[in-house]
Protein chains: 2
Amino acid sequence: IQRYIVTKLGEDWIFLVLLGLTMALVSWSMDYASAKSLQAYKWMYGELKGNVALQYLAWVSYPIILVVFASLFCHLVSPQAIGSGIPELKTILRGVVLKEYLTLKAFVAKVIGLTAGLGSGMPIGKEYKYLSIYLSIYLSNSAHVQDLLVCACAVGVATCFAAPVGGVLFSIEVTSTYFAVRNYWRGYFAATFSAFIFRVLSVWNKDSVTITALFRTNFRMDFPFDLQELPAFAIIGISCGFLGAFFVYLNRQVVLIMRRPTALTRFLTKHRLIYPGAVTLIIASFTFPPGFGQFMAGELMPRECINSLFDNFTWTKIWGSPAPPGLGRSAAWLHPQVSVFVILLLFFVMKFWMSAVSTTMPVPSGAFMPVFILAGAAFGRLVGEIMATLFPNGILFDGIVYQILPGGYAVIGAAAMTGAVTHTVSTAVICFELTGQISHILPMMVAVILANMVAQCLQPSLYDSIIQVKK
Amino acid sequence: IQRYIVTKLGEDWIFLVLLGLTMALVSWSMDYASAKSLQAYKWMYGELKGNVALQYLAWVSYPIILVVFASLFCHLVSPQAIGSGIPELKTILRGVVLKEYLTLKAFVAKVIGLTAGLGSGMPIGKEYKYLSIYLSIYLSNSAHVQDLLVCACAVGVATCFAAPVGGVLFSIEVTSTYFAVRNYWRGYFAATFSAFIFRVLSVWNKDSVTITALFRTNFRMDFPFDLQELPAFAIIGISCGFLGAFFVYLNRQVVLIMRRPTALTRFLTKHRLIYPGAVTLIIASFTFPPGFGQFMAGELMPRECINSLFDNFTWTKIWGSPAPPGLGRSAAWLHPQVSVFVILLLFFVMKFWMSAVSTTMPVPSGAFMPVFILAGAAFGRLVGEIMATLFPNGILFDGIVYQILPGGYAVIGAAAMTGAVTHTVSTAVICFELTGQISHILPMMVAVILANMVAQCLQPSLYDSIIQVKK
């Protein structure tokens, strides 16, 4: 028996290491390819400066081509690759066998489709959980799917956000109702290993100088916030709860409308590529920087958005004055004529409906984590900037002046919004790992819990909602 | 049915809030009382400066009185209050009913005994889990003990270290084998609430200026470590694994020797107060600052030790030169004649056996978390200082010079050592929350996982070992 245990254990380690390694490689290459694609997109747009018509054509056609390609590819190779994968995962965990869901074809379709989608700059989320699950089943060659799923899901989240702890917790919350603690430990091992390899690859490729958080923030550590700011954090939490529930409702309504047998939907089902193309056209037209995009920081790609929303400046203070050094891409938020509030509000409203709509496109997409980090961060930042305007000299308490940090509000908003939509608390942990700062832990936990309380009373989680609709 | 659910939910909230609130109050008052006691201890010792004999008498008698009092009080009121409580908890979870374990008497004995023990400056750990469990059972008046225990345990850890996330995870890892995810969410709620109240109380009492981490570190954020330091972190992890397993072995041996029917043990069982008194006498004599204590920073109380071990200086660099500003209590580590390495090593060895022995004293004590944070941090710091001596100018990589941060090594050592002794991974999360910095996440996860791998191969966890011995 002892020899059996030893071999079993040995296999287990090897399996977890292999899973972490391959998943890190896959996710890193996808990141790399989509980043290059975005670079090409921006380069093309930049080169055409001077001719607005041509610029618009380039700005709109590039994502349309990629999204239509992704949609077509998935349709031809494996329609199972469409969507996020968590709803299917939950269904599998409940014991239902989904035919043809975990096949090599679907894997390839997912990889290609997701890379193309991410490279188009559309509000589409990284979603590596499916890939990871496929790999784990392929590698382990085992029937214990249930045991593997949480590990695999954790590895997926970990390579997505370089967040091993948050990845494990998120996977547990999302997939299980009862959880075996022995898997917990395996999940940690695999997730840490893959996150580590993922980060080493980017250091080796000189994307980043050393291993740090993905969206590192740089808030002051000494007195990050004051107790008197807590009501504002609570307001963010409660509002995000309502907004998250509203998003789930909106998403379901869009799907249901598309399902209803009208002339339009019949036409769209016949010509499958028109729907994603049209959605992309509308979204890209809205974000076109010289047009409406200038009022919603349209020129920023998702990653730049997050970095700039989490930055350390107070935009209402620097608005109108010459840009301080180190502002970087955040300059896109400072329109010479329009107030920062209007831009943030527009950005938030636009991203909100855009993500509700783009989640329904027939392409592989996660469509919520980065998107929600985006919408939530914009909302939090909005509250933060309002606070900074209300208390321009900071809050005086006990002889110490606490300056308001709008970036901190943005981080809290992001965590609360994702928490509300997915009905999880561990988004707070993911946010800590993403930003590399844990200074806002208590207000963030308060906001996330409040958001969860509100959202759970109003609507099911996004995954459960999708499962219900798909039934 | 709906009305029933609403009432049920209402009760649940109220219960969790009440639990968090009372537990925060209890733990805060215990902290306050023991801090005052330590202050009185140090004041007495300081006032007697000049007369070494009197000083020694005061240094030794004060903890003896308190420990003997704690031991006597527990013995008279409720012998069930002795020890840490997690082993009993695990037994209860497995379905065994321990008579007279969860009574008001035991609760009072635990509170008084623990406060006295903590106030004596002995290496005794805060252990609030029992209290929290008693309170939760008292407040809920419910039969669902199993469901409550994880929540209660999480609240205990959260109020101990102001670490809500880590508290929940640690409780899950320590108490459960299968875990219901719905309790996860309740644990978070209660733990966050209690940690929040706990921190607010200390702000209100002006212990701390604002709500931040308990042992806040201040490492540089930009490049906290380089990839090439990773082997050192791995060495810390593996060594801590071996040391942790050795500690469990040592602790069991001490208990077994005390159990063997020799003349000495018969004498000690008859006169119950002699054993704790003798142990305290020996430990206090070793730490006496003008005597041997000067070679092991004996004058520092546990909390000061942790703060100074996590500080931002490189002791080998400042040793011998005049103390830089802001050094504070860390000066105790810099002996004019003896090298920093020797002091750290002595401190580590001393604390190691002292905690293995003091865990066996018949007083209520956790005896591992702070103690292990101590021993582990000292070990990590030792490795860090060695690294800083080997690479005095830092590590050059890609044009950037990475200075070695011995404080970061100390944090990693603390997490790895506690992880190895308790067989948990979530000590890493507790450490992040304790220090308020997450910059070392990847090396810390690597070290903790390695420590766990080694320790799990060699010995059971400390709790399981105690359960086995008590059988």
Side-chain angles (χ1 to χ4, degrees), chain A residues 13 162-165 169 172-173 176-182 184-185 188-189 191-193 195-196 199-200 203 206 209-213 216-218 221-227 397-398 400 402 423-426 428-429 432-433 435-439 441-443 445-446 448-449 452-453 456, chain B residues 13 162-165 168-169 172-173 176-182 184-185 188-189 191-193 195-196 199-200 203 206 209-213 216 218 221-227 397-398 400 402 423-426 428-429 432-433 435-439 441-443 445-446 448-449 452-453 456:
Chain A
W13 291 130
V165 179
L169 301 182
I172 293 175
E173 280 194 274
S176 328
T177 41
Y178 276 85
F179 179 67
V181 174
R182 69 169 190 288
Y184 182 78
W185 148 252
Y188 265 121
F189 178 79
T192 306
F193 188 76
F196 181 70
R199 296 306 286 154
V200 167
V203 171
K206 315 250 171 178
V209 188
T210 187
I211 294 184
T212 46
R216 200 159 51 77
T217 54
N218 229 331
M221 306 263 306
D222 292 0
F223 307 110
F225 63 95
D226 181 55
L227 264 183
F397 177 69
D398 227 23
I400 298 169
Y402 296 86
H423 285 202
T424 55
V425 193
S426 49
V429 181
F432 296 139
E433 290 182 275
T435 59
Q437 275 203 311
I438 204 165
S439 47
I441 179 159
L442 274 175
M445 291 298 293
V446 170
V448 169
I449 286 176
N452 261 285
M453 280 167 68
Q456 291 190 359
Chain B
W13 291 130
V165 179
V168 173
L169 300 183
I172 292 175
E173 279 194 275
S176 326
T177 42
Y178 276 85
F179 179 66
V181 174
R182 67 168 190 288
Y184 181 77
W185 148 252
Y188 264 120
F189 179 79
T192 306
F193 188 76
F196 181 71
R199 297 305 288 153
V200 167
V203 170
K206 316 249 171 180
V209 189
T210 186
I211 295 183
T212 45
R216 199 158 51 78
N218 228 329
M221 305 264 304
D222 292 0
F223 307 111
F225 62 95
D226 181 54
L227 265 184
F397 177 69
D398 225 22
I400 298 169
Y402 296 86
H423 286 202
T424 56
V425 193
S426 49
V429 181
F432 295 138
E433 290 182 274
T435 59
Q437 274 202 312
I438 204 165
S439 46
I441 178 158
L442 275 174
M445 290 299 293
V446 170
V448 169
I449 285 176
N452 260 286
M453 280 168 69
Q456 291 191 358

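First the proteins, then the strands, lettered A, B, ... as listed; each starts at 1.
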Problem set entry | Top of Val165(A), Leu169(A), Asn452(A) for chain B proximity - count of heavy-atom pairs under 4.5 angstrom | Leu169(A)

For this session: Work out which heavy atom in Pro164(A) is nearest to a heavy atom in Leu442(B); give both atom names and the distance.
Result: CG-CD2, 4.4 Å

Problem set entry | Closest non-hydrogen atom pair between Tyr188(B) and Ile449(A), with its separation | O-CD1, 3.7 Å

For this session: Answer whether the closest heavy-atom distance between the side chains of Phe189(A) and Met453(B) falls below 4.5 Å.
Result: yes

